[in-house]
Number of protein chains: 2
Amino acid sequence: MAGGITIALDAMGGDLGCEAVVKGAGIARIRQPDVHYEFHGDEAQLKPLLETDDALAAVSTIHHTDVAVSMDDKPSQALRAGRRVSSMWLAIDAVREGRAQAAVSCGNTGALTVMSRMILKTMPGIERPAIAAIWPTMRGESIVLDVGANVVAEQKNLVNFAIMGEAMARTALGQLKPSVGLLNIGAEEMKGNEEIKGAAQFLREADLNFDFHGFVEGDDISKGTVDVVVTDGFTGNVALKTAEGTARLIADYLSNAMRRSLASRIGYLLARGAFNVLRQRMDPSKVNGGVFLGLNGVVVKSHGSATAEGIAAALDLAIDMARNDIIKKIAADLERVHGARTETAAAEASAIPQTAETGTE
Amino acid sequence: MAGGITIALDAMGGDLGCEAVVKGAGIARIRQPDVHYEFHGDEAQLKPLLETDDALAAVSTIHHTDVAVSMDDKPSQALRAGRRVSSMWLAIDAVREGRAQAAVSCGNTGALTVMSRMILKTMPGIERPAIAAIWPTMRGESIVLDVGANVVAEQKNLVNFAIMGEAMARTALGQLKPSVGLLNIGAEEMKGNEEIKGAAQFLREADLNFDFHGFVEGDDISKGTVDVVVTDGFTGNVALKTAEGTARLIADYLSNAMRRSLASRIGYLLARGAFNVLRQRMDPSKVNGGVFLGLNGVVVKSHGSATAEGIAAALDLAIDMARNDIIKKIAADLERVHGARTETAAAEASAIPQTAETGTE
């Protein structure tokens, strides 16, 4: 543990309960054996589960609480005093205390958003945190942000989303010089709104260590035209859910089309392996979830219906970002782009989280 | 022609040229034999094409022009004096003159948007026209608007989009009492922006002859949760293009997955028929395009790369909307919802187009 990475897990937030969380950690442990896991949840449930995996138990601790944030809780309910001993709160608080380097939860997104922001505060120079999603593309994976932390984004928010996104692309996707695009539409001569146009102009003129590509359109996300797609949380959330809905619609079409004739039914049986590959790549419960960027600590949101493999993927991502110290990378890039204005801010950001109280609420 | 429907076709706008347009009209004519077609384009090209289809030639006229709006023209270029004799301009102008009941083009969307608005003007009471798309869903088809006519939408625009969309659902989808939802996100307690919340409140309290469902999210579009999804043109355009990109990504995954093993390759051959069905349902060049709503006349935009079948589908839609007099339906519903305020406006809207100069520019 000394010098190593500790991940705090909210073991009670997901639809599938403690079991999926413990099994997910078991999978992640095989791939990353030097990480410590802090499970926040009901000891009576967690202990017997950990007893089935000695290797995981050896690198784990249980922090008991029987208070859970439910999927139906409104964010305001989640912030009530009684929830401050919930598994979600305690996992995030372990990051604030510096005991863990990242928190992972598959709980209620709204509650996780407001709790993370309240506990960890935004980084100096960041007014609005963002949720980043990893999006499968024809060329591999891209990062899309914001997918729902905020309803609107001003010019400076979009610029900071670009910086946070490229820092994540360097750590999570291993891109040395990520390309970044601003999501826009192509139908009008005077494209986009003032915020987007202003952000584009700022980024074109700034001293960047990433490649600013300019504007991209909705179909460029899946094409993988750029490594990072920047947009406001409203548009990003609609795009993400529209893509999920489209994937389900096509799966539905396909299964109907396959039932049409005897030949296609036999064909389906023969091609079953291929369909399973497709299903895995399309299944949102098996991919890693969103990452909260712009806070004084790493919080990864796994899909609410995440299976053990989904949770393991979210853990991989959290470990990756903690190991690469993404918060320091973001702080350094904010300083580079905004110049002297955030020099002190960047210095503060690399200090330990609990002293960084200057973040805008 | 007397008392019948005439459709004006921009025969030069699409990627596939006159041939696809004439063949598309040939397909539509078989389904709707009592419609007259006005082809606007190069007579030297159109005449020999029409000579190959006597039945179509018998219900068609050619209006010669050799000026075309190119796919690369900016909207401002398209409005220059020289373009006012273009095939696109003349087709729309036939609607203004009352000679045609609808115009169909597979040309440049931006040019078509500004030209349609300049020639036909917006309906009284409508400040911003919208482009409506027909979206395939698990339950059939839904209408999504605006998919790109405007960058922003205020509360009253969203309310009017709802009215225009439900009128279109009654004519194009045959829904007697369409359900309408406002596109929103679910991640925050205070959902959506002020415009969306205001529009929802207005629609909840208004005297409607459609079913206002409330808010829907991105994945509800493909689910077919409502018949009409209302959003601003920025979000709608991003959603549409994101869905197209997702469909292409999945097709790409599928074709790669199918090549993985001998069994899946044999399976693919056996299931070929099913794949062709899927491809047809997913192919944007084969579905009908966007409809411009809120103008004093019907304009249908077919996909730029539309094949003859795609153009035939766009013609079916245009004929349907002209026959059902959608402009009158929209005017009547605007009056119903907004009350006395638009009483005169509705009266004007049912007058002949060229006198309706009161539309807001």
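This one's a predicted model, so the numbers in the text were calculated from it and none came from an experiment. Proteins get letters first, then strands, A, B, ... in listed order; numbering begins at 1 in each.
Shown here for A:Ser222 and B:Gly245, the closest heavy-atom pair between the two residues is CB-O, 3.4 Å. Taking every heavy atom of both residues into account, A:Arg248 and B:Asp219 meet most closely at NH2-OD2, 3.4 Å. Residue B:Phe234 comes nearest to A:Leu183 through the heavy atom pair CZ-O, 3.5 Å, listed as atom of the first residue, atom of the second, then distance. Taking each heavy atom of B:Val151 and A:Ile185 in turn, the nearest pair found is CG2-CD1, 4.5 Å.
Scored by the salt bridge (charged side-chain N to carboxylate O under 4.0 Å, His left out) test, B:Asp73 finds B:Arg83 as partners (sequence neighbours excluded). Contacts of A:Ala199 classified as side chain to side chain contact (heavy atoms under 4.5 Å, CB included), with partners at least two apart in sequence or in another chain: A:Gln155, A:Leu158, A:Val159, A:Leu182.
Taking 4.5 Å as the limit, some side-chain heavy atom of B:Asn237 sits within range of a side-chain heavy atom of A:Glu217. Counting only heavy atoms from C-beta outward, the side chains of B:Thr242 and A:Trp135 approach each other to under 4.5 Å. Two residues are said to be in side-chain contact when any heavy atoms from C-beta on lie closer than 4.5 Å; A:Val238 and B:Val238 fail this criterion.
Using a 4.5 Å cut-off between heavy atoms, A:Ile221 touches chain B through its side chain atoms alone.
Taking B:Gly218, B:Gly233, B:Ala243 one by one and counting their heavy-atom pairs under 4.5 Å with chain A, the maximum is reached by B:Gly218.
Here the straight-line distance linking atom CE of B:Met138 with atom CG of A:Leu249 works out to 5.5 Å at 0.5 Å rounding. Atom CG of B:Asp252 is separated from atom CZ of A:Arg139 by 12.5 Å, given to the nearest 0.5 angstrom.
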